[in-house]
Amino acid sequence: MSGLAITISGLTIGRGSTTVAGPLELALGGGEALIVTGPNGAGKSTLLRTLAGLLRPLAGRITVAGVMAPDGEPARSLPEIAHYVGHRNAMKPSVSVGDNLRFWARFLGGPGLSVDDSLEAVGLPGLAHLPFAYLSAGQQRRASLARLLIAHRPVWILDEPTAALDTASQARFAGLMADHLASGGSVIAATHQPLGLVAPRELAMAPAPAEQAAKQGGAIADADLAAAEGWL
Amino acid sequence: MSGLAITISGLTIGRGSTTVAGPLELALGGGEALIVTGPNGAGKSTLLRTLAGLLRPLAGRITVAGVMAPDGEPARSLPEIAHYVGHRNAMKPSVSVGDNLRFWARFLGGPGLSVDDSLEAVGLPGLAHLPFAYLSAGQQRRASLARLLIAHRPVWILDEPTAALDTASQARFAGLMADHLASGGSVIAATHQPLGLVAPRELAMAPAPAEQAAKQGGAIADADLAAAEGWL
Amino acid sequence: MQNDYFGFIASAYGISALLLAGLALWIVLDARAQRRALAALEEKGVRRRSSAARPENPS
Amino acid sequence: MTDLSATKPSRFTILANPTRFLELSGRLQPWLYAAALAALSVGLTLGFMAPPDYQQGATVQIMFIHVPFAWLSMMVWTVMSLSALGTLVWRHPLADVAVKAAAPIGAVFTALALITGSIWGRPMWGTWWVWDARLTSVFVLFLMYLGLIALTRALDDPGKSARAAAILVLVGFVNIPIIKFSVDWWNTLHQSASVIRADGPAMPAVFLTPLLLSALGFTLLFFALHLTAMRSEVLRRRVAALSRLAARRADG
Amino acid sequence: MTAVFWRDLKLAVSGGGGAMTAVIFFLAVVATVPFGVGPDLNLLSRIGPAILWIGALLSTLLTLDRLFQADREDGTLDLMLTGPTPMPLVVLGKCLALWAASGLPLVLAAPALGLFLALEPVAIGAVTLTLLAGTPAITFIGAVGAAVAVALPRGGLLVSVLVLPLAIPVLIFGVSATYGAVNDPDPFLSPFLILVALTLFFGALGPIAAAAALKAGGD
Amino acid sequence: MTAVFWRDLKLAVSGGGGAMTAVIFFLAVVATVPFGVGPDLNLLSRIGPAILWIGALLSTLLTLDRLFQADREDGTLDLMLTGPTPMPLVVLGKCLALWAASGLPLVLAAPALGLFLALEPVAIGAVTLTLLAGTPAITFIGAVGAAVAVALPRGGLLVSVLVLPLAIPVLIFGVSATYGAVNDPDPFLSPFLILVALTLFFGALGPIAAAAALKAGGD
Ligand code: HEM
Ligand SMILES: Nc1ncnc2c1ncn2[C@@H]1O[C@H](COP(=O)(O)OP(=O)(O)OP(=O)(O)O)[C@@H](O)[C@H]1O
Ligand SMILES: Nc1ncnc2c1ncn2[C@@H]1O[C@H](COP(=O)(O)OP(=O)(O)OP(=O)(O)O)[C@@H](O)[C@H]1O
Ligand SMILES: [Mg+2]
Ligand SMILES: [Mg+2]
């Protein structure tokens, strides 16, 4: 159950060939939550997208062990056992909430709640038939979070998940995360507001090295420039 | 200076032909801030978009008095003396921050800070030459808030303005709002987190009828029908 | 004979010279614009630490 | 940089370091331009003094530019294909810079081959344009140059378009042999190779010498312009990189 | 309005090269035709004007569909709707910028392509002139379609049903005016004048209708 | 993959209206050419197959540009890239859906338009058959272009520009197979088989290349 182990070693993240942060070292087990904090532009989103497999790391490795991928083999990479919820909701506005979720259930595969149950869990009971575009910002976010429940994945990677949620929904979502952790999953979330988790681990992203240098004297070191230019 | 007076009488707001909330009665003067709160789907965004002139009210009137529009005539409608900052940033990703702001300064007209000064005010000094897409989510939001300063408008209509901001920027923006109020303007903001305003007035919106109905487990047929009508 | 073809030959050479000159001009102007952009950045304070010590020569 | 040049620079570090590349190319550049201008002026002067051809009359003058332009249009794409291999195999940024910088120059040479050919075709064939295999394949080459330019310029992030551009270049390379051998495979109005052929050139020296000289001159000119364009491209990327650093430096 | 015009023009010319691609696409369309019908210059010169017009219509349509979509998605449209400039003027500015960035280069490229298709000088002149007079109409019609598409969640269908039938008369009068200039019995002036009238008509009506659609479709 | 196929098919048929636009545009192209050529039925039936093919090629291009763009903008592409289905299969599903929604109606409309252009029955049959065999290839090639252009702010036209040179061989073999069926000395089978081979080849290569491009273009 608590076999899940994520190990990040020497991970340098970046956009294009520009280094944004790193190298990072980290180990996360089942039942643990990691909160990524830091000022705007520190690289939180960049880190989460790298973990989700959407950006190539500039250096370093991410390994997972101890869990099965949905296809029954032991998992070999983080993306195949993870859910990623980014800034965008990944739902078609003109399609009904239920059809949207049913599509993702079929596409993602694996065991999970039914559409109605997962909508109930995020506090949108009986809205399955409405076109997604007709929901308010917070309701859209909640429908998109329902995707976490509709196909089971041990790891949740969440980028500001509670951005548009009202207080009641934030509490409800904190409960969902607690359940997920209790069942041996883990959560990696970037946020600017408290998420209501009990004793999460925290990764505070420092302002980039260049930023410190800038504060110290306004110049950018050759090494930083070279890293930014991304030449060999 | 403090002649600004906004009067809302019998205002019923809605999407398409579906009523979302109302009728609302409200009077707001210069120097006053109104915080609109309520659960997701209560109709906060609908109200702000109606005030900004982007949705037609289903019933009721919005009147303004006591200020000049940018063209020098006495203002006759709220939109012409208001800034609206919605969920989206209204900036072109491939254009530099400075050019984006310069365009809005020309388009909106009226007196205001220079591009450099307004960027300084939101904590992005010297970034005018960067393409907007190079900024992180929170930096983008801040650049978009700089638009409030670049062309003066007495009323600011803000939909979750601090969504992606880090703590330092939230405090800085609270300062900007306080200055605006002190100079006789007013602020109408929808939010789920405290905005750091001193003694704002508050409008708590009730949950949307559809959701209430759904929660009571009965009569959703009405909402269905209304939604279907709105869809056509 | 000579005269009949003079127009063709002259226009062939003329257009070639024109296009090539245009290309060269564009390339040179672009090079200058980039150098100027770099200089503007450095002026704004985005400076390389070593560039103060050793003048760069992107001539 | 002193520390870098103190250690013996291998070929690898020279290409791996943009500052070093800028330095070396800056030194090479003037010589390339000078050589190009010298070869061109001698070649074209000799060309003007050449006697009219018995078949083509004075229009043979056009040959001294048309043929080099046509050769270059193919050579530039070949150079880009080699660079594209560099992008795909070694992921070297300089290779992508080379592709991006070469594309507009290649497009201009191709356009000039088309234009001078057209102008030559009017007196020789009685028409500006026919849709035969050689002409059409060169026109397609021109379109591919333009598509490539559009692709390399559409993204503001240089690293992103590199692989796509490299693949496009390699796919487009199929067209080069088609252009070269179109005159042999299909019968066309255009005349077949008389310089670059297995049994040696079949052309009198009065024409051959100026032709080869001006071809050499235009080739050198290409390399010189290419080098300048590559230098601006490297600088453009440096500006972009510094801008990003500045973005992160903005106080949080 | 001029602010909108210049900004859109800059965006079109620099960002992603809307302008250049339209011309390249036009070139490419014209180049495919000889592959299809064969290299017979006689035949090509007969169908040439029609091909040029079809190519122009197609590449204008391709640039059009995102005229307002991009502005809506990033929220710019909201601000334009409530801004101090009347909305029809904003739409007009956007249309003119789009035409200057993609229609005008097309018109300028037409003579060269005419040579490729072995058109006579008169035909080349006529085709360029009719394109100059007619392509703005396509842009204005397309603007209405783009506005409707932006406003309705499922507007796509309506756009094609709306825009193409309106654009086809422009195509037909453009082509027939061109042939009128070349073939003696056919008239040139009357279809050309109709073309100009169409452009003026849609130039006035298009922005107003598009602005109305955008206003009605706000959400 | 089937999930992707059905969803995209539903979206295309109900929402974007790509299907309808393609067919209407096809009609428009075919309807304008007789204007240029004049009422000479003989000539029309000679160039008819070529016109049908060119029309089909161009209208397929019209639908292609947003193949991945919409998915990218709402974040769907992110999830598809990291999901359990291999990306080439996802792309294949999307391509097949697009073809079923826009290519198939074209093929079905071809016989009617053939009559309009005074083609002989054999030619109509041949053109329909070659279109059926050849249009999927265009869609698959187009997918690569759409994938490359997905990251671009206004990639639409760029797609067509990148795609057209690659699609020209399909056009050539499609047209020559059709003429082969009509004119006796020319062969029908060998160009037709090449056409089928092209479709199979691009059916395998296109999704793989497109998937690679999508992966590389992530941000
Ligand atoms: C737009 C029209 C034309 C195009 C696109 C074109 C293209 C080319 C190309 C690509 C080559 C290089 C062939 C190779 O290296 O094998 C070439 C060579 C040549 N072209 Fe043209 N050409 C055009 C018109 C003409 C005309 C009108 C003439 C003269 C009647 C002409 C005469 C030649 C000659 C003499 C060569 C050199 C062949 C050799 O020695 O290899 N071209 N042309
Ligand atoms: N699409 C992009 N292309 C290039 N650079 C980017 C892109 N997005 C972000 N960046 C840069 O990467 C750096 C880190 O951005 P990131 O989005 O990871 O920050 P963040 O920590 O998520 O900030 P926020 O709290 O504002 O969301 C920033 O300096 C930003 O300028
Ligand atoms: N575009 C739309 N079309 C039709 N109905 C909509 C649309 N957007 C929202 N609604 C409906 O209007 C009601 C109010 O939505 P609104 O966006 O105003 O809520 P909100 O208070 O802003 O919520 P949140 O806190 O989630 O932003 C909701 O019930 C929603 O279903
Ligand atoms: Mg972020
Ligand atoms: Mg809201």
Side-chain angles (χ1 to χ4, degrees), chain B residues 14-16 18 20 45-46 48-56 69-73 75 77-96 99-110 131-133 140-141 144 147-148 151 153 155 157 159 230-232, chain E residues 1-21 66-87 89-94 97-98 101 148 150-155 157-158 211-219:
Chain B
R15 298 276 186 172
T18 315
V20 166
S45 301
T46 309
L48 296 195
R49 288 182 79 79
T50 309
L51 292 180
L54 291 164
L55 289 174
R56 224 190 314 269
D71 57 7
E73 305 270 306
S77 72
L78 185 51
E80 53 179 325
I81 54 161
H83 269 302
Y84 171 71
V85 176
H87 290 295
R88 290 167 294 192
N89 287 324
M91 304 285 237
K92 295 287 166 204
S94 60
V95 176
S96 78
D99 283 349
N100 262 310
L101 286 175
R102 255 182 294 279
F103 165 74
W104 284 120
R106 272 186 74 186
F107 183 84
L108 295 171
F132 186 70
Q140 289 188 345
R141 193 69 182 160
S144 159
R147 210 177 41 232
L148 295 171
R153 292 283 189 280
V155 184
I157 301 179
D159 202 349
W231 173 69
L232 270 181
Chain E
M1 196 192 117
T2 49
V4 176
F5 175 80
W6 286 114
R7 161 161 144 143
D8 266 48
L9 191 60
K10 257 188 235 157
L11 274 173
V13 172
S14 73
M20 203 177 83
T21 6
R66 307 268 302 152
L67 181 60
F68 301 109
Q69 198 92 43
D71 277 347
R72 178 197 156 92
E73 275 159 16
D74 64 16
T76 303
L77 195 59
D78 286 351
L79 295 193
M80 288 184 165
L81 279 169
T82 56
T85 317
M87 201 59 199
L89 283 186
V90 174
V91 174
L92 188 65
K94 289 183 76 73
L98 185 73
V148 170
V150 125
L152 302 182
R154 319 189 165 200
L157 199 84
L158 200 63
L214 288 174
K215 276 220 175 101
D219 70 333

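In what follows, chains are A, B, ... by sequence order, proteins preceding strands, each numbered from 1.
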Next on the checklist: Tell me every residue that passes side-chain contact (heavy atoms from CB on, under 4.5 Å) with B/Thr46, counting only those two or more places apart in sequence or in another chain.
Outcome noted: B/Ile13, B/Arg15, B/Val20, B/Thr50, B/Leu55

Item to check | Gap between atom CZ of B/Arg88 and atom OG1 of E/Thr76 - 0.5 Å precision | outcome: 9.5 Å

Checklist entry - Under a 4.5 Å heavy-atom cut-off, does chain B meet the side chain of E/Val4, its backbone, both or neither? => result both

For residues 101-108 of chain B, tabulate all N or O donor-acceptor pairs below 3.5 Å that involve a side-chain atom, not counting sequence neighbours.
from	atom 1	to	atom 2	distance (Å)
B/Arg102	NH2	B/Asp99	OD1	3.3
B/Trp104	NE1	B/Ala90	O	2.9
B/Arg106	NH2	E/Thr2	OG1	3.3

Next on the checklist: Is any side-chain heavy atom of E/Leu79 closer than 4.5 Å to one of B/His83?
Outcome noted: no

Checklist entry - In Å and rounded to the nearest 0.5 Å, what is the OG1 to CG distance from E/Thr82 to B/Leu51? => result 12.0 Å

Item to check | Residue pair E/Arg7, B/Val95: steps toward the side-chain contact (heavy atoms from CB on, under 4.5 Å) verdict | outcome: CA-CA 10 Å; E/Arg7 161 161 144 143; B/Val95 176; 5.6 Å; no

